[in-house]
Amino acid sequence: MNQEVQSQYDELDLMDLIKTLIKSWKLIAILFLITVAIVGSITYFYLPKKYLSKTIFYLEAEGDFASKYEKMDMVKEVVYSNQFLSSIIETVGFSTTEDIVDTFRSSITIIETTAKSTEIQVIWDDPAKAYDILKLVYDSFKRETGNRIEVYVTNKLNVAEDQFNRTHEEFEKISAALADFQKKHNIFFIPPQLAISDQYYSEMKAQLADSPSTLIEYENLMVRQAAAKENYIKASAILEETRLSVANELNYMFVSIDPPLYPEKKHSPSTVLNMAIAGFLALFVGVLIAFFREYIRSYKEKENTITS
């Protein structure tokens, strides 16, 4: 019995709510239409339009140094740097100020796609500018990456070549000194292993025709030549290894998946989305006003009943 009575009350309450909404449908509809019209007009005619231009690419690189520029952190480090952005701003024709640099930085978005590629987006209030800025960013990043790799491999190769040239020069210098010593003392062979001993001194005395100090000098020259030769061989191997490494570093390529796109339509603000949100809020407010009006009317009726 109690359940039936409760069910009847629930049905009555629901019917009262529906009746309240039906009574105020004009108010709700007018509020909805006015809000949607105002928000739509403001969005379409007055809010500044933004246009998005984007490109997707990835870097194929074999070298360890060049491979760093495949990483998202390195791409952001290059593009978001003040020096990089300043060069873009100067090319576009703006004055290079801190505010302008920050504006450009905030307009550029760099994300990693699901395929691990790099996507660069530029949002600007002019479609042509958005496209031009994006193309400048993309081309400048490729150029900057190439320059950094070129500087790295050049420095690395120069160090290896300098080391090779020094060891080669040292080896040639000591070899020439040893040859002069042999010519001076009429030595026409280089013993495979030189040891200072009485027996060896006796055998070499006729050729050296001097004191053991001459023999020691000869041995020192041979030891120095052997060390110089070893350093020269190592430097030569390092140079060859460096040349192979440099070849790998220079073997890189930017692969464009989506080239810079000219924005055909605005990116934001969305008139439809703003109107939909405004319409929903207007309906919500209209319903609240309708219930509030009904509450005031009911309250007044009760007051009148009590008074009479």
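Between K234 and E230 there is a salt bridge, since a side-chain N of the basic residue sits under 4.0 Å from a carboxylate O of the acidic one. The pair R166-E170 does not count as a salt bridge, with every side-chain nitrogen at least 4.0 angstrom from each carboxylate oxygen. Using a 4.0 Å cut-off between charged side-chain N and carboxylate O, K76 and D73 make no salt bridge. A salt bridge links K135 and D139; the closest N-O separation between the charged side-chain nitrogens and carboxylate oxygens is under 4.0 Å.
Side-chain polar atoms of S245 and K156 form a donor-acceptor pair below 3.5 angstrom.
With hydrogens and angles disregarded, a donor-acceptor distance shorter than 3.5 Å links the side chain of S67 to the backbone of G63. A side-chain donor-acceptor contact under 3.5 Å links Y80 to the backbone of I108. In this structure, N251 contributes its side chain and A247 its backbone to no donor-acceptor pair below 3.5 Å. Within the 3.5 Å criterion, the main-chain N or O of F32 finds no donor-acceptor partner in the side chain of T35.
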Please output the side-chain donor-acceptor pairs of residues 115-124 that fall under 3.5 Å, not counting sequence neighbours, one pair per line with the distance.
residue: E119; atom: OE2; partner: Q121; partner atom: NE2; Å: 2.6

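Within 6.0 Å of CZ in F292 there are 12 or fewer heavy atoms belonging to other residues, nucleotides or ligands. The environment of R148 atom CZ is dense: over 12 non-hydrogen atoms of other residues, nucleotides or ligands sit within 6.0 angstrom.
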- Task: Just do the side-chain contact (heavy atoms from CB on, under 4.5 Å) check on K68 and E77 with the steps written out, would you?
- Result: CA-CA 11 Å; K68 293 180 180 180; E77 179 182 324; over 6 Å; no
- Task: Would you sort out whether R105 and D102 count as a salt bridge (charged side-chain N to carboxylate O under 4.0 Å, His left out), showing the intermediate values?
- Result: CA-CA 5 Å; R105 185 180 289 111; D102 291 338; 3.0 Å; yes
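Using a 4.5 Å cut-off between side-chain heavy atoms of Ile, Leu, Val, Met, Phe, Trp and Tyr, I111 forms no hydrophobic cluster with any other residue.
Ring geometry, H168 versus F164: the interplanar angle falls under 30°, so the pair is classed parallel (tilted spans 30 to 60°). Classification of the F284-F280 ring pair by plane angle, with boundaries at 30° and 60°, yields parallel. Ring geometry for F254 versus Y138: interplanar angle over 60°, hence perpendicular rather than tilted (30 to 60°).
Separation of the F104 and F94 ring centroids falls under the 6.0 Å cut-off.
Checked against salt bridge (charged side-chain N to carboxylate O under 4.0 Å, His left out), D180 has no partners two or more places apart in sequence or in another chain.
Residues A130 and Y51 share a closest heavy-atom pair of CB-O, 3.8 Å.
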